[in-house]
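Report on one structure; see the data block that follows.
All chains are named by letter (A, B, ...) in the order of the sequence lines, taking the proteins before the strands, and each is independently numbered beginning at 1. Quick note: numbers below take in every heavy atom, side chains included, and nothing from hydrogens, waters or symmetry partners. As the structure is a computational prediction, the values presented were derived from the model and not from experiment.
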Amino acid sequence: MMETIFSNFALIIGTTLMYSTPLIYTSLGGVLAENSGVINIGLEGMMIIGAFAGATLGYFVGNPWIAFIGAGVAGGIYGLLHAVACVSFGANQVVSGIAINFLGIGVALFLSRMFFEGATMTKSIPLDFKMPRPLNGVFPDGSFLNIILDNQYATVYVALIFVLLIWFFLYKTKYGLRLRSVGEHPTAADTLGINVIRIRYFAVIMSGVMAGFGGAAMSLAIVSNFRPTLISGHGFIALAAMIFGKWKPQGALLACLLFGGSQGLAVFLGQFNFEISSQLISMLPYVITIVVLIGFVGKSAAPAADGIPYEKEHKY
Amino acid sequence: MKLKFKEIRKALYIFATEKTIGFTLIAIFLGLVIGAIFLAIAGFNPFQAYGIILRGIFSKPSYISYTIIRATPLILTGLSIAFAFKTGLFNIGAEGQYIIGSVVATAAGYFLHLPLFIHIPVVIISAVVAAGIWGGLAGYFKAKFGVHEVISTIMLNWIALYFQNFLIYTEGFQKPGGETSYSIQPTANMTILKAWKGSVAGREWLLQHPFWKDLLRTPMNWGFLIAILMAVLVWFILNKTALGYRLRAVGFNKFAAEYGGINVNKNLIISMFIAGGLAGLAGALQVVGVSHKVTLIAAMEGYGFDGIAVALIANSSAMGCILAGLLFGALKYGGAKIQPFMRAPSEVISIVIGSIVFFISIPKLIKLILTKKIKKGGTK
Amino acid sequence: MFKKIIAIFVIVLFVMSIFSCGQVKKESSIKIAMVTDVGGINDQSFNQSAWEGLKRAEKELSIGVGYLESSQDADYAPNMETLLDAGNDLIWGIGFKMGDTIKEKAMANPDQQYAIIDYAYGDETPINVVGVVFKEQEPSFLVGYIAGKMTKANKVGFVGGMKFPLIEKFEYGFKAGVKLANPDAEIFSQYADSFTDAAKGKAIANQMYENGADIVYHAAGGVGDGVIEAAKEQDKFAIGVDRDQNSLAPEHVITSAMKRVDNAIFNVAQLLVKGEFPGGTTVVYGLKEGGVGIAPTSYKLVPADILEEVAELKAKVISGEIVVPYTPDTYAEWLK
């Protein structure tokens, strides 16, 4: 009895990690962009591009790390598009982000047809050429840690490392301080000699890179191919997680884990043939998120200059 | 010849900067150019493709009718989002409000038995109120608990999706052996001449009158007129009423509004209620006018997300939403036709729409191109 | 120069757009086109399979073919009209969701021929419509039998997309097969309430494997990608659906319950060309008609003796000796 409780618990934790990982990357991307003062609602589109690029490179190159980095680069190029619009041309950032989402799915499917003989589903990558699973077979079969970690891909750990890195960058380095000051008060930052434009470019491109990683964490680890519906709403959930986490990397991590955890719970509860409808169980993660927000998190405030294009001549 | 080009450029510049509609048209044109480039890369003749789209939209009365029917819900979800934008809120939840509107309309249309001219208004009003409450919920969470509306509406979208499926599975509502609900009662139906079109006499008459057959084969209904009416109403509320003034004041500067004695929280809820109601109306009209039932949905249908693009193309103007909705409906309806006629991939339409929205987001770039041209042209 | 090019481009674009209107290629031969459901043409499932059938017909019967994708349920009717105006001899609706639409359009256009996949009108089939349904329970039954024979843990699983009658045919057919082969086997069954969420499919399959199952069958579209992925990782077995999914994981997908939508589409096209369009009837494709079956790659992982038993079982289903259950009630009956 005790044993089953443990193994069920381990299963939920395992599902939580799996589910959260793509969201963690992507919401970290959101954290970077928005702390520099640029709203990035195009995370979904950037994730799609990353997922497609990862799956395609993974299939043709056969090296998961090259594919993973390539997905980041593809996301970054896509982020550059957003950066050019938002930083150089003072675009309405919400509008540009929505455009990125429409373009993302269009471009990904279009390219997929060119690379895969007219198919919008890429070919499957064999297990050996997917991301490695560092702790596969390390713990004894059936043990608590084995159930959790046996099949977790490197992407999971890399995501956690990225949370640390970005937290360190934002709060412990002078560049992070600069980035945040640009997001809070660009005019003041500018008078102090900080290059607002350059920092925002960096932040938005990096947010594309992270979202690209997020997509690849989906197509190179959770599954092994790209299909048009692979990313359906994940970017928006990541966006919500970032806001939930109060625009902070550690907060975003917790929000993603909460969401993944409630999905794990939904999967766990779904195995029993309850009298209640499975629809209501599937609803659970979204209800839990709202309830937690209402009960425990409360007000969150975006960086002060979030969403406002910065122009040198502009007088505040 | 040179002079002429210069003048055209100048005219274009004025066109693009002084009037937003002119600027929007240029953005639409550029979006089509990008789409053409993608088509050409893929080895398709873009002129032929656009020809098919144009013909697919305008060459028959029924095509125009279908375009309008396709556009109607988009106009309303666009209005919903535009309205929220004007009051400083980002309503990503139009999708879920649409779902609530359509499922409540179906329930009211099926379970209630009322006379013809009472049933339709009752169905629509109950759907609008339900969806309004659904939207208002997000406003309430924000007002009372400070929950950002972007998060709550994204979550409410998914909850609405599962809620609709949950309701369809309930006994008495689900059509036995099927994956849909029962159809609404004939009294709740707003499709013009629906019963007659399905009758033997109607079918025979239509077979002998091709023009009417073509026109009436679409589920033509009054939805479009209601959508236009709503656009006028939204414009009126926002610009001509005290409520609209308060709502806009909150959207413009929350703190100043509060200082000025406006109850910000109350207005937040009202604004989300109205936005939700508009999106719910889209769902209700779709049910009474087109689908007459709801189906199990496995994924978001996109009415709400497309509505965001509509609101943005319209620059959040109520009247603009009508035109943007029509454009969007036309691109989606006509764009699908390039597939069967020339086997061109229809995701080009996503690229076109994305590019249009992208260019709309950067008025400065377009102005820059045009000014540069004038300067260069001057020196030549 | 640049500006002139743009200006010329503009003019040419508009002029060509208008004039190219009439240039749609007219083909003299028979034309067949299909409307996909919201899954789209590359759904790795019946839409894609249907299109493969049409492409085969194009090649072998030299007819004209085309398709139109639907992105929302509301697109079905206008898409039907578009294909009607394009002068197609036969219009296919792919998927039960188009049932009502096809009927309505067929009544309004008695001269046009229609056909639909996964929908039966029974006695009310209009004279210009063919309904095509599959006995999904039959191949599910066969793969269930394989699973029941091959499971070492006496535990197998089923992952469904969404719970409605069509998917339940897969579930109960499978369960019946398992129980026949192995009456003691425990069968886990869970629905994902999605056809797209691969991560959820993987989580559900992981859970089943962790609970001791060693073979999981899925009827869940994109969710199934996750199921097969879980099998790969845990080195357990999975069973594919609709198409031969062995290529997704050559060492772990032991077999697939195939639904040959392509064959059905091709057969109807053949009949149409011969002038024997079976209007007004419902065509049922089961094992008997070769419309469903198990994947040809099954021999790679399934022992030959089990395949022989499956062949015998198949013969019994074809002869009518075994009637495979496909609903909760018929399954309960079967268990007795």
A/Phe116, CZ atom: more than 12 neighbouring heavy atoms under 6.0 Å: yes
Heavy-atom side-chain proximity of A/Pro132 to A/Trp65 below 4.5 angstrom: yes
Measuring centre to centre across the rings, with the benzene-like ring taken for any Trp, is C/Phe96 within less than 6.0 Å of C/Phe164? yes
Any side-chain heavy atom of C/Ile239 sitting closer than 4.5 Å to one from C/Val156? no
Taking only distance into account, so ignoring hydrogens and angles, what donor-acceptor contacts under 3.5 Å exist between chain A and chain C?
unit_1, atom_1, unit_2, atom_2, d
A/Tyr19, OH, C/Asp197, OD1, 3.1
A/Tyr19, OH, C/Asp197, OD2, 2.5
A/Thr120, OG1, C/Asn42, ND2, 3.0
A/Ser124, OG, C/Leu248, O, 3.3
A/Ile125, O, C/Lys232, NZ, 3.1
A/Lys130, NZ, C/Glu229, OE2, 2.4
A/Arg133, NH1, C/Glu233, O, 3.2
A/Tyr153, OH, C/Glu233, OE2, 2.3
A/Ala221, O, C/Lys202, NZ, 3.3
A/Ile222, O, C/Lys202, NZ, 3.0
A/Ser224, OG, C/Glu229, OE1, 2.9
A/Ser224, OG, C/Glu229, OE2, 3.4
A/Ser224, OG, C/Lys232, NZ, 3.1
A/Arg227, NE, C/Asp225, OD2, 3.0
A/Arg227, NH2, C/Asp225, OD1, 3.1
A/Arg227, NH2, C/Asp225, OD2, 3.4
A/Val267, O, C/Gln190, NE2, 2.9
A/Val267, O, C/Gln207, NE2, 3.2
A/Gln271, OE1, C/Asn211, ND2, 3.0
A/Ser278, OG, C/Asp193, OD1, 3.3
A/Ser278, OG, C/Asp193, OD2, 2.9
A/Gln279, NE2, C/Asp193, OD1, 2.7
A/Ser282, OG, C/Asp193, OD2, 2.7
A/Ser282, OG, C/Lys200, NZ, 3.3

Report which part of A/Leu109 has an atom under 4.5 Å of a heavy atom belonging to chain C: side chain, backbone, both, or neither. neither
Answer with side chain, backbone, both or neither: which region of A/Leu11 has an atom nearer than 4.5 Å to a non-hydrogen atom of chain C? side chain
Set of ring pair (Phe, Tyr, Trp, His ring centres under 6.0 Å) partners for A/Phe144, sequence neighbours left out: A/Phe6
Going by ring pair (Phe, Tyr, Trp, His ring centres under 6.0 Å), name the residues that satisfy it together with A/Phe89, two or more places apart in sequence or in a different chain. none
What part of A/Phe268 gets closer than 4.5 Å to chain C, counting heavy atoms only: side chain, backbone, both or neither? both
Not counting sequence neighbours, which residues clear side chain to side chain contact (heavy atoms under 4.5 Å, CB included) with A/Ala252? List them please. A/Ser27, A/Val31
